[in-house]
Amino acid sequence: MSIKAENLVWKIGSKTVIDGISLVAEPGKTLGLLGPNGSGKTSLLRLLAGLKRPQSGQIMLDGEDIRTIGRRPIAQRVAFIEQHAATNSNLLVIDVVKLGRFPHRSMFSGWTPADDAAVNDALEQTGMAAKRNDRWQSLSGGEKQRTQLARALAQSPRELILDEPTNHLDIHHQIGLMRLVSSLPITSIIALHDLNHASMFCDRLVVMEAGKIVASGTPDEVLTQDLLRDVFSVEARVEISPHHRRPHIYFV
Ligand SMILES: Nc1ncnc2c1ncn2[C@@H]1O[C@H](COP(=O)(O)OP(=O)(O)OP(=O)(O)O)[C@@H](O)[C@H]1O
């Protein structure tokens, strides 16, 4: 196991946002987190990344309770890109990506060739190498999103948590990002709205509704016409694609 959550409950005021969630993200696999607006995906990801504490329940990283692990060791292994990730607008792209190395550096260590290699690899993988010296402020929404991914990859994480990472990307870069993340030997948890991309690129899916998990399993187990009607309120037909052998949803 890589990330395991047991019976998480998170309330805000009298509202229960996360209502008894348990899940396992397996090492090296891509777990898709689906659900309608307001179902609790972002809240769950923030709990899993250690940014919020649940009122009850437990989150384990490789069997260790996250509460017993320090902030720095968590940052050395878990990278999280929030939905509206922002950064200091005066920075260059390269500086933003270099921030990913911060958890690995100590007061005494200078910038190393390993830091350079991680930053360069991340810029190449995300297609941002040519814009390394551009100002963050001057980037398009999609380029900002790819720079945030580069920063997360420069962190050399073992777990990558992404909240709707493709929402500003053109179709070429949506597919590119999903293909990249699913091919990396990193445990990934990705909140997504595009159900066909979830089907194509995720090993397993978890579907949330009103703070609870209502379905989980492989894409062909989860993405059924009944679930699409009951949870997402859409009429659809689901067929196995002859191109990638995964379920493909046709909205009717
Ligand atoms: N800090 C907060 N204060 C009040 N309500 C909150 C807070 N954070 C989350 N909520 C509520 O919890 C519910 C779940 O929100 P969350 O952002 O986790 O959903 P989501 O599934 O990520 O939605 P979306 O698909 O729209 O991004 C929503 O009803 C939201 O209003």
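Both ligands and their constituent atoms are indexed starting at 1 by order of listing.
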[atom]: nearest protein contact (heavy atom, Å):
atom: atom 19 (O) of ligand 1; answer: G40 N, 3.3 Å
atom: atom 31 (O) of ligand 1; answer: K15 NZ, 4.4 Å
atom: atom 17 (O) of ligand 1; answer: T42 CB, 3.6 Å
atom: atom 27 (O) of ligand 1; answer: E164 OE2, 3.4 Å
atom: atom 26 (O) of ligand 1; answer: N37 ND2, 3.0 Å
atom: atom 9 (C) of ligand 1; answer: S43 OG, 3.8 Å
atom: atom 10 (N) of ligand 1; answer: V17 CG2, 4.3 Å
atom: atom 1 (N) of ligand 1; answer: I12 CD1, 3.5 Å

Quiz item: Under a 4.5 Å cut-off applied to non-hydrogen side-chain atoms, are P103 and Q155 in contact?
Solution: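 In contact.
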
Quiz prompt | Mode of M208 contact toward ligand 1 - side chain, backbone, both, neither (heavy atoms, under 4.0 Å) | solution =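 Answer for M208: neither.
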
Are [X] and [Y] linked by a side-chain donor-acceptor pair shorter than 3.5 Å?
X: T112; Y: D115; answer: yes
X: T224; Y: D226; answer: no
X: Q174; Y: N167; answer: no

Any N or O of [X] that comes nearer than 3.5 Å to an N or O of ligand 1?
X: K41; result: yes
X: S39; result: yes
X: G38; result: yes

With a 4.0 Å cut-off on heavy atoms, is [X] in contact with ligand 1?
X: G13; answer: no
X: R46; answer: no
X: G35; answer: no

Which ligand 1 atoms are under 4.0 Å away from a heavy-atom of [X]?
X: P36; answer: 21 (O)
X: H193; answer: 25 (O)
X: Q83; answer: 27 (O)

Self-check item: Linked, directly or transitively: V181 and I171 (ILVMFWY side chains, under 4.5 Å)
Solution: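 Shared cluster, yes.
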
Quiz prompt | Cluster check F102, L91: I/L/V/M/F/W/Y, side chain < 4.5 angstrom | solution =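 Hydrophobic grouping puts F102 apart from L91.
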
Quiz item: With a cut-off of under 6.0 Å to the ring centre and 45° to the axis, is K15 in cation-pi contact with W10?
Solution: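 No cation-pi geometry.
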
Quiz prompt | Over 12 foreign heavy atoms within 6.0 Å of NZ, K29 | solution =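 No, NZ of K29 has 12 or fewer neighbouring heavy atoms, counting only those of other groups under 6.0 Å.
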
Quiz item: Under 6.0 Å from the CZ atom of R179, do we count more than 12 heavy atoms belonging to anything else shown?
Solution: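 No.
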
Exercise. Would you please classify the geometry between the H244 ring and the H248 ring as parallel, tilted or perpendicular, with 30° and 60° separating the classes?
Key: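 Rings of H248 and H244: tilted, 30 to 60°.
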
Quiz item: Which distance, rounded to the nearest 0.5 Å, do you find between the CZ of R77 and the OG1 of T187?
Solution: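 With rounding to 0.5 Å, CZ (R77) is 8.0 Å from OG1 (T187).
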
